[in-house]
Amino acid sequence: MRLLVSGRSGLPALSDLDAAGLFTAYAAPQAQWARCNMVTSLDGAATGADGRSGSINNEADHVVFEVLRALSHVVVVGAGTVRTEGYPPLSVADPLVPLRRDHGLPDTLPLVAVSNRGEVPSTLRGCRDGRALMAVPAAAAGLDDARRDLGAENVLVCGDDEVDVKALVEALHGRGWDHVLTEGGPSLLGSFLAAGQLDELCFTIAPWVVGGEHPRPVGADGTPVDLDLEVLVEQDATLMGRWFVRR
Ligand SMILES: NC(=O)c1ccc[n+]([C@@H]2O[C@H](COP(=O)([O-])OP(=O)(O)OC[C@H]3O[C@@H](n4cnc5c(N)ncnc54)[C@H](OP(=O)(O)O)[C@@H]3O)[C@@H](O)[C@H]2O)c1
């Protein structure tokens, strides 16, 4: 993987990056840090013909996707994406576990599904070991069921009628989960941006045009933000970048 823009990583520009190099290139610059990771086609689609992101990503994106997970304490995903993409409880890719430990991160990688309704996605049902959590508002119709299913300690109540993303991030930090990664989808990403809760956007720009009508990576709630390019990596005509939110 070729490093095109090295930012403050200290890595030489135009060097080839292995997994350890990617860990350095994508390291969080401060103790508490929240970022997203999304993939888009060159013409701005967040999904391909099958309505999922799996048809617009590729191996280069997958490598960075796994590194970003391995650099995180927790992954936060909208319940819609958990359902559409069939997210199971997560684990860090085996080859990345030693690097993760070197960065002081635990072996477990909890997944938080964000839902206003509070209905536990089928792929997470019955997971009571703390790898699957829900973030719901107090008024969620499925709150009691979610508590029964996942264990009360695995249901975060953040907000009254709707999930309050700021309260959610505070709750995650309260558990010692300082490096927060959200993998979307577009609705949740819009909420994170509207709440001013993202420090960084990681985007993969995949080398295809899909045409037609598809969701964009940021949904309707998204607030305009100005960004600074921090890191840019290329492989197989695919661009993977880090953009920091300008404060
Ligand atoms: N290109 C990419 O990188 C990428 C990444 C992720 C997803 N996707 C694609 O995006 C599509 C899904 O889009 P989407 O916008 O519907 O995804 P989403 O944000 O994951 O799902 C929307 C659902 O998630 C819950 N939710 C989202 N934001 C919330 C908030 N702020 N507060 C409370 N609940 C919230 C709600 O669930 P309840 O209905 O349970 O209340 C809502 O109905 C899929 O096709 C997926 O494949 C693409």
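As the structure is a computational prediction, the values presented were derived from the model and not from experiment. When reading the values below, keep in mind they use all heavy atoms of this one structure, side chains included, and skip hydrogens, waters and symmetry mates. Both ligands and their constituent atoms are indexed starting at 1 by order of listing.
- Heavy-atom proximity to atom 10 (O) of ligand 1, evaluated over Pro186, Gly185, Gly190, is greatest for Pro186.
- A salt bridge links Asp145 with Arg125; the closest basic N to acidic carboxylate O contact falls under 4.0 Å.
- Close N/O approach between Ser191 and ligand 1 is found [any backbone or side-chain N/O within under 3.5 Å].
- Asp164 has no carboxylate O lying under 4.0 Å from a charged side-chain N of Lys166, or vice versa, which leaves the two without a salt bridge.
- Inspection of the Glu230 and Trp243 side chains reveals no N or O donor paired with an N or O acceptor under 3.5 Å.
- Side-chain polar atoms of Asn116 and Glu162 form no donor-acceptor pair below 3.5 angstrom.
- An N or O contact shorter than 3.5 Å links Glu85 to ligand 1 by distance.
- If you run side-chain contact (heavy atoms from CB on, under 4.5 Å) between His179 and each of Leu105, Leu71, Val74, only Leu105 comes through.
- Between Thr40 and ligand 1, not a single N/O pair is under 3.5 Å apart.
- For the residue pair Glu85/Ser53, the side-chain donor-acceptor check at 3.5 Å is satisfied.
- The residue from Gly80, Gly78, Ser187, Cys158 that puts a heavy atom closest to atom 14 (P) of ligand 1 is Ser187.
- At least one heavy atom of Gly51 sits under 4.0 Å from some atom of ligand 1.
- Taking the side chain as every heavy atom from C-beta outward, Leu133 and Leu111 never approach each other to under 4.5 Å.
- When non-hydrogen atoms are compared, ligand 1 lies under 4.0 Å from the backbone of Ala46 as well as from its side chain.
- The residue Met134 has no part lying near ligand 1, judged by heavy-atom distances below 4.0 Å.
- In terms of polar-atom proximity, defined here as any N/O pair under 3.5 Å, Arg83 does make such a contact with ligand 1.
- No donor-acceptor pair under 3.5 Å is formed between the side chain of Ser15 and the backbone N or O of Leu11.
- With ligand atoms numbered from 1 in the order given, ligand 1 contributes 1 (N), 2 (C), 4 (C), 47 (O), 48 (C) to contacts under 4.0 Å with heavy atoms of Ser53.
- Of the protein's non-hydrogen atoms, the one nearest atom 9 (C) of ligand 1 is Thr47 CG2, 3.7 Å.
- Looking at ligand 1, you'll find an N or O of Ala79 within less than 3.5 Å of one of its N or O atoms.
- When Val120, Val165, Thr81 are checked for heavy-atom proximity to atom 12 (C) of ligand 1, Thr81 turns out nearest.
- Side-chain contact, Thr238 with Asn58: a donor N or O sits under 3.5 Å from an acceptor N or O.
- Classification of Asp149 and Arg128 as a salt-bridged pair fails, no side-chain N sitting under 4.0 Å from a carboxylate O.
- In this structure, Glu162 has no heavy atom closer than 4.0 Å to ligand 1.
- With hydrogens and angles disregarded, a donor-acceptor distance shorter than 3.5 Å links the side chain of Asp43 to the backbone of Gly211.
- Nearest to atom 3 (O) of ligand 1 by heavy atom, out of Val39, Asn37, Val136, Leu168, is Val39.
- Ranking the protein heavy atoms by distance from atom 26 (N) of ligand 1 puts Val114 O, 3.6 Å first.
- Taking CD from Glu234 and CG from Leu14, the interatomic distance works out to 11.0 Å, rounded to the nearest 0.5 Å.
- The line from CG of Leu96 to CG of Asp102 is 11.5 Å long, rounded to the nearest 0.5 Å.
- Closer than 4.0 Å to atom 5 (C) of ligand 1 lies at least one heavy atom of the protein.
- Enclosure of atom CZ in Arg131 by more than 12 non-hydrogen atoms of other residues, nucleotides or ligands within 6.0 angstrom is indicated.
- Counting atoms of ligand 1 from 1 in the listed order, those under 4.0 Å from a heavy atom of Glu183 are 5 (C), 6 (C).
- Here CE of Met38 is found 7.0 Å from OG1 of Thr81. Values are rounded to the nearest 0.5 Å.
- In this structure, atom 24 (O) of ligand 1 has a protein heavy-atom contact shorter than 4.0 Å.
- Considering backbone and side-chain atoms alike, Ser115 places an N or O below 3.5 Å from some N or O of ligand 1.
- Close contacts between ligand 1 and Val163 involve ligand atoms 32 (N), 33 (C) [criterion: under 4.0 Å to a heavy atom].
- The heavy atom nearest to atom 29 (C) of ligand 1, out of those in Asp221, Leu188, Asp164, is found in Leu188.
- For atom 39 (O) of ligand 1, the nearest protein heavy atom (residue, atom name, distance) is Arg117 NE, 3.0 Å.
- The contact set between ligand 1 and Met38, taken as ligand atoms under 4.0 Å from a residue heavy atom, comprises 2 (C), 3 (O), 4 (C), 5 (C).
- Residue contacts with ligand 1 for Asn116 involve both N, CA, C or O and side-chain atoms from C-beta outward (heavy atoms, distance under 4.0 Å).
- Listed by atom number, the atoms of ligand 1 under 4.0 Å from Arg52 heavy atoms are 47 (O).
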